[in-house]
Asks: 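After the structure tokens below, expect a handful of questions from me.
Both ligands and their constituent atoms are indexed starting at 1 by order of listing.
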Amino acid sequence: MKFCKFCGAECKEDATFCPECGKQIGEPTNSVNVYVQPDMTPNNQKSSRSKIAAGLLQIFLGCFGIGRFYTGHTGIAIAQLIVSLCSCGIGSIWGFIDGIVILCTNNFRDAEGKIME
Ligand SMILES: [Zn+2]
């Protein structure tokens with residue numbers, strides 16, 4: 001038995017994290033069960049943004065990159081805006097197609113890597 005150096009709670013000898021306060025109290029003891037920081041795990045979090053909304057915004061307002069602004073992909077959004085302006089609107093087909101792609105992509109992720117539904 002060992003004790004957490006942060007809160008003094010009793011911990012299992014092989015514990016890596018304190019069951020009381022959750023702080024790391026030791027190195028992972030075997031490589032199979034290495035603890036992965038929550039922000040390092042594959043991100044399966046659900047986005048609060050709606051994929052349908054993003055896709056429709058992009059189909060109707062994709063010439064301004066609105067759908068991409070919505071998903072947080074501002075770099076793409078600004079590029080779409082500039083392409084539309086510089087091509088007198090012809091380039092807005094990019095935003096339109098992008099909207100269809102968003103709608104047709106399973107597990108489409110927003111700029112934070114969260115899955116949009
Ligand atoms: Zn503790």
Asks: Above 12 or not: heavy atoms from other molecules or residues under 6.0 Å from CZ of Phe64?
Replies: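 No, the 6.0 Å shell around CZ holds no more than 12 heavy atoms from other groups.
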Asks: For the hydrophobic clusters of this structure (ILVMFWY residues joined by side-chain heavy atoms under 4.5 Å, transitively), does one cluster hold both Trp94 and Ile66?
Replies: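 Result: no, two separate clusters.
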Asks: Identify the heavy atoms of Ile25 and Lys5 that sit nearest to each other, and give their distance.
Replies: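 Nearest pair, atom of Ile25 first, then Lys5: CG2-N, 4.4 Å.
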Asks: To the closest 0.5 Å, what do you measure between OG1 (Thr74) and CG (Leu81)?
Replies: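 Between Thr74 OG1 and Leu81 CG, I get 12.0 Å after rounding to 0.5 Å.
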Asks: Is any side-chain heavy atom of Ile115 closer than 4.5 Å to one of Phe108?
Replies: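 Not touching, per the 4.5 Å side-chain cut-off.
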Asks: Using a distance threshold of 2.8 Å, what protein N/O/S atoms lie below it relative to the Zn ion (ligand 1)?
Replies: Cys4 SG, Cys7 SG, Cys18 SG, Cys21 SG
Asks: Inspect the surroundings of CZ in Phe60 and state if more than 12 heavy atoms from other residues, nucleotides or ligands are less than 6.0 Å away.
Replies: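 12 or below, so no.
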